[in-house]
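Computed from a predicted model, the values in this text were never measured in an experiment.
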Amino acid sequence: MKRVIYLESEYDKLVNHMSKIIRDYEFCCIGISGNTGLGKSTAVKQVACNLNKAILECHELEPEAWGCLNDTFAAANKTNQLLLFDGIIVSFHLHRKFYQDLFLRYLHATTIVIEHPDIFLEQNNLSGDVFDIIFEIRTNSNHHVTYPFLY
């Protein structure tokens with residue numbers, strides 16, 4: 001797994017690099033980490049827009065809603081879609097097992113982006129080798145990503 005660090009001021013470079021990875025690989029799993037308010041979700045949405053991909057924010061789905069979408073999603077061209085998981089939300093959500101199963105079902109079958117990959121891996125007992133690359137956004141070169149609200 002490769003880890004690439006970008007400063008908050010290098011937002012355009014991050015979006016371009018992530019777009020290139022997704023364009024070059026038919027299916028991949030990408031992590032994106034950084035503290036709150038650094039533009040992780042916005043970057044992923046910008047990439048999806050740049051590449052003309054449909055984005056499905058899985059962390060906003062309840063299992064009942066997924067049942068209605070599943071047939072349509074499964075039949076869609078998987079190269080034109082992107083699944084986005086917020087690793088913190090899905091790891092501490094009431095339906096945690098549902099999100100684990102959803103992630104594993106579509107791993108290597110479509111492009112998946114996980115925000116807060118370190119929390120997602122830790123809480124779901126997964127190894128880092130599920131990710132092809134992890135992008136980290138920092139406010140400055142000395143900054144390290146921390147999640148103080150979890151400890």
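Looking at Lys2, its side chain never comes within 3.5 Å of a backbone N or O of Phe131 through a donor-acceptor pair. In this structure, the side chain of Asp132 engages the main chain of Cys29 through a donor-acceptor pair within 3.5 Å. Put simply, the side chain of Asn140 gets close to the backbone of Asn142: a donor and an acceptor are under 3.5 Å apart.
In this structure the side chain of Met18 never reaches within 4.5 angstrom of the side chain of Ile133, judged on heavy atoms. Within the 4.5 Å cutoff, the side chain of Lys40 has heavy atoms near those of the His116 side chain. The shortest distance between side-chain heavy atoms of Arg3 and Pro117 does not fall below 4.5 Å. Side-chain atoms of Glu57 and Lys45, non-hydrogen and from C-beta on, do get closer than 4.5 Å to each other. Contact of the Ile21 side chain with the Cys28 side chain is registered, since non-hydrogen atoms from C-beta on lie closer than 4.5 Å. By the 4.5 Å heavy-atom criterion applied to side chains, Leu51 and Leu82 are not counted as neighbours.
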Give the C-alpha distance, both sets of side-chain angles, the deciding distance and a yes or no for side-chain contact (heavy atoms from CB on, under 4.5 Å) between Val47 and Val113. CA-CA 11 Å; Val47 167; Val113 179; over 6 Å; no
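With Phe120 as the partner, the ring pair (Phe, Tyr, Trp, His ring centres under 6.0 Å) test is satisfied by one option alone out of Phe92, Tyr99, Phe103: Phe103. Each of Arg138, His17, Glu136, Lys13 was scored for a side-chain hydrogen bond (donor to acceptor under 3.5 Å, both in side chains) with Tyr6, with one residue passing: His17.
Around CG of Asn52, the count of heavy atoms belonging to other residues, nucleotides or ligands within 6.0 Å does not exceed 12.
Arg105 has no carboxylate O lying under 4.0 Å from a charged side-chain N of Asp101, or vice versa, which leaves the two without a salt bridge.
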